[in-house]
Each structure stands twice: as C-alpha cells, then as structure tokens.
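Worth saying up front: this structure is predicted, and the values here are computed from it rather than measured. Order of the sequence lines fixes the chain letters, A, B, ..., with proteins taken first and strands second; residue numbering starts at 1 for each chain.
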There are 2 protein chains.
Amino acid sequence: MTPPAATAAPAARTPAGQAREKILATAFRLFYAQGLRAAGIDTIIAESGVAKATFYKYFPAKDDLILAYLEKVDGVWTGQLHAAAEAAGPDPAAQLVGLFDALASACRRDGYRGCAFINAAAESASGTRIHERTVAHKEHTRAWIRGLADQAGVPDPDQLARSLTLLLDGGLASGVLDADPAAATAARNTAAQLVSASLGRNTDHAAS
Amino acid sequence: MTPPAATAAPAARTPAGQAREKILATAFRLFYAQGLRAAGIDTIIAESGVAKATFYKYFPAKDDLILAYLEKVDGVWTGQLHAAAEAAGPDPAAQLVGLFDALASACRRDGYRGCAFINAAAESASGTRIHERTVAHKEHTRAWIRGLADQAGVPDPDQLARSLTLLLDGGLASGVLDADPAAATAARNTAAQLVSASLGRNTDHAAS
DNA sequence: ACGCTACCAGACAGATCTGTCTACGGCAAG
DNA sequence: CTTGCCGTAGACAGATCTGTCTGGTAGCGT
C-alpha cells in the first residue's frame, strides 16, 4: 500500500560522458593493486560511484574493461619510458641507458607492484585477448629499443635490444616482489655496461 | 524408508597415505597451467580422484595447498638450476653461465608458462604468505648465484649476482608471454659476456 | 571378529561474482 | 511542454567457489 519509498537522495550525477573515464580510473587503480581476478566488478562500480547499468553500457563485459585498462597502461608506461630516454639527451646510446630511469622512478612510486602487463599475463591463459595484448606491448617496446640501438650504430641491434629487454623485464618482474631500488640501479648499470661494450669501447668499470 | 541407495560402485581407492601426493601433483599441474585463482578446489579434487574430506584433511585451506605447491616448485626449479650449473663443469665462472641452460630447457618444455613464483606473486597481495614465500625463493637463488660469483673470484660478486638475476628473471618473465627460445639464448649469451667482463677478460664477442 | 584409520561419495551452506532487468529522476533539444 | 537520452538505485538470476557435514566402505593390526 505504501508508495515505493519516496526516493530519498537525489543521487549525485556524473556529468554526461564522463562516466567512462571515472570507471577506467578506478579500474586502473584496483586492477593494478589487486590483480585482474581479485578486483571485482561490483567493487569497481561502487568505488567509481556510477550505476551498474552505466558500467555495462560502456563495458559490456569485464574483459572489455581489462582491455581498456591495458590500453591505458600501455600509454602511460610507454610515455614514461620515452620521456626517460629523451631526458638523457639526443644521443641514442645515452637514451638506451637513460630509459632505465623510468624503472627507477616506478620503483619509488607508492604501491608499485611490477609490470601490469606481466601481472595480467600471469592471470590469463595464452590465446586470450588479454594475453595477445600483452605480447603486442612487449614487442612494441623491444622494437623501439632496437630502433634506438640501430641509431646508435651498434653492430648487432637485435642482440642488444634482446639483452636490454631482458634486463628491463627482469627489473619489472622483480618489482612485483619488492620495490627494491637496488634492482633498478643494477639494471641501469648493467645496461650501461652492455651498451658500452656493444659500441666497441671498454666496459664501463674500466672506463670510469 | 528405503535404504539410502545400496552404494553402487566400490570406488577405486587410493592407497593409504598417497592421497596427499596425488593432490599435490594435480595442484602442481593446474596451478601452473591456469593460475592460482583460476584453478578451483573442486577441479583439483575431481582430477585428483580423491574425496573432498580427504583433501581438506591434508590441506585445511586453499592457501595451504598453494604453499605446498610453491614448496614443490622451489625444489624442482632449484634442482634444475643446480643441475644445469654442475653440467657446465667444476669452474664456477662456467657454472654461472651454464645455469642459464635450465632456462632454455624450461622454454622448450610443453606448457611452459614462465616462472611459477612470479606468476603466483602477481596474483597475491604483498604481505601474504604466498608473497613472502616467493620473495624467499628469489633471495635464495640470488644468494646461490652470489656464492658462485664469489668462488669465481670476481671483484664485485654482489653486482654480478644482481645482473645475472635480472637476466634470469627477465627470461622467466618473458616466458609467460611466449616460450621463445631466443630469449633464453640471449640471456645465456649476455650472461657469458657479463661474466667474462667481470673477470677482467675481454667481452666474449672479442674472445670467440 | 572387532575396531581403528584412511578413504570415497556427494549433499549442503554461505559467500561472491558476473551480468540482466525494472523503475525512476533530471536535463536538453525540438 | 513533451520526448528521448543519460544517469542512479538496487533487486534478481545463475554460476562458481570455498569449506562443512553425513554416511558408508576398504584394509589392517590385534
């Protein structure tokens, strides 16, 4: 008999079209901090402050949100990598070493938990879109590094890119365990040594 | 009024005391192939061919099974690492390079999906037993490598151990993406170069 | 023969998670 | 003003997952 309830609060509205960004920002935070499976849709919706229907309008399934998350991570991380490289100056060889500063910066950030892509791949079966997206990201990164190595004029850019990628991934992977800045420093030093050696100079401990 | 059912099949029994091993073997396979959260208790129980009560007798909670799984992984992987090192002969410097053959072998194995510890850490929050166990494993490995570097008489065993650990973790981390043997080969070559350089000799591309 | 222990089978409870659906309110363009 | 779109609120279905409980069976030592 009583009317449905009288609708208590007017409900703070999200400005039209911004709901998607709010959801994505929350997902970015929760997916990275807790993992893909551990972060539930309900939590993301609640912390975004949007309605469930709004969420499913923009992201028909959880996987779609995960893909959008990885896209965003790619943009952010690639940007940091490029910025760190450019901060080292115009010399490609210096950039190959300087990009490792992005790793050190990441280590120092609060809540650092390693590479979002590696973590995502660890939770997804191979063949899934999530897995493929991760592989694509890693290939882009290696191609970029190879390009720098090429510009630096090393005899075997492929091999140097491989080595540096291994160091970078190693540093990122160990980041999921402890955000030890020593690992980042060691990665940078080792990279400097490898780049010097590739250029035919003496190894850096002799050059210092 | 009717009796409960007459108990159709006699049910193939597991010899007493072996149920635990069967469960652990199944968990080893499923946890590694699918991930910690993706592999459900029910599936593990069904594929082990044991009863639910038996399972919970040996592993009161899923986390206990995960810890036992990590313990087993530690034993297996550490064994492979040591075996690969010893196969390289008595020279510690050669062992430091030879241990990377374990990585190449792992890459070639069917169903290879990178480092079980890194994958586990990616799914578990820091501070949990699972996370701690992973950190302990990585520290043991690095300590062992540092010991070899020490025996080899390099000037800075700590730094070399750091570098080699980064390469190893990088190779393992990229294994979750694609089991590319080229990454393992590159890791080994780079390790050889770093070891040579640490010993004060020329880098290996000059020595070959 | 008896009892103890280790096992099997599977129902069940309770939580959680994804995704759908209904109902309603505000805002802007026509 | 009315119509349609975008948003909120939240109930609901259905699946899945962890962990408990009951009841019965096989084998072994005594």
* To do: Considering just the side-chain nitrogens and oxygens of A/T54, establish if one lies under 4.0 Å of OP1 or OP2 belonging to D/dG7.
  => no
Just to confirm, is there a sub-4.0 Å distance from OP1 or OP2 of D/dT8 to any side-chain nitrogen or oxygen of A/Y56? no
Rounded to whole angstrom units, what separation is found between the [atom1] atom of [X] and the [atom2] atom of [N]?
X     : N      : atom1 : atom2 : answer
B/R20 : C/dT5  : CZ    : P     : 20 Å
A/I45 : C/dT16 : CD1   : P     : 16 Å
A/I66 : C/dT18 : CD1   : P     : 9 Å
B/F55 : D/dC17 : CZ    : C1'   : 12 Å
B/Q34 : D/dT16 : CD    : P     : 14 Å
B/R37 : D/dT16 : CZ    : P     : 17 Å
A/K57 : C/dT22 : NZ    : C1'   : 18 Å
A/E21 : D/dG7  : CD    : P     : 12 Å

Taking the side chain of [X] as heavy atoms from C-beta outward, which of [options] is closest to it?
X     : options               : result
B/A53 : D/dC21, D/dT8, C/dG19 : D/dC21
B/A51 : C/dC8, D/dA9, D/dT18  : C/dC8
B/Y58 : D/dT18, C/dG19, C/dA6 : C/dA6

Answer yes or no: does atom NE2 of A/H140 have more than 12 heavy-atom neighbours from other residues, nucleotides or ligands under 6.0 Å? no
Worksheet item: A/I41 versus A/Y56: any side-chain heavy-atom pair under 4.5 Å?
Response: yes
With heavy-atom distances below 4.5 Å as the criterion, would you say the side chains of A/K138 and A/I118 are in contact? yes
Practice problem: May I ask you to say whether A/R133 pairs ionically with A/D74, meaning some side-chain N is under 4.0 Å from a carboxylate O? | Solution: yes
| query | Is the shortest distance from a Lys or Arg side-chain nitrogen in A/D156 or A/R162 to a carboxylate oxygen in the other one below 4.0 Å? | reply | no
Would you state whether a donor and an acceptor, one from the side chain of A/K52 and one from the base of C/dG19, lie under 3.5 Å apart? yes
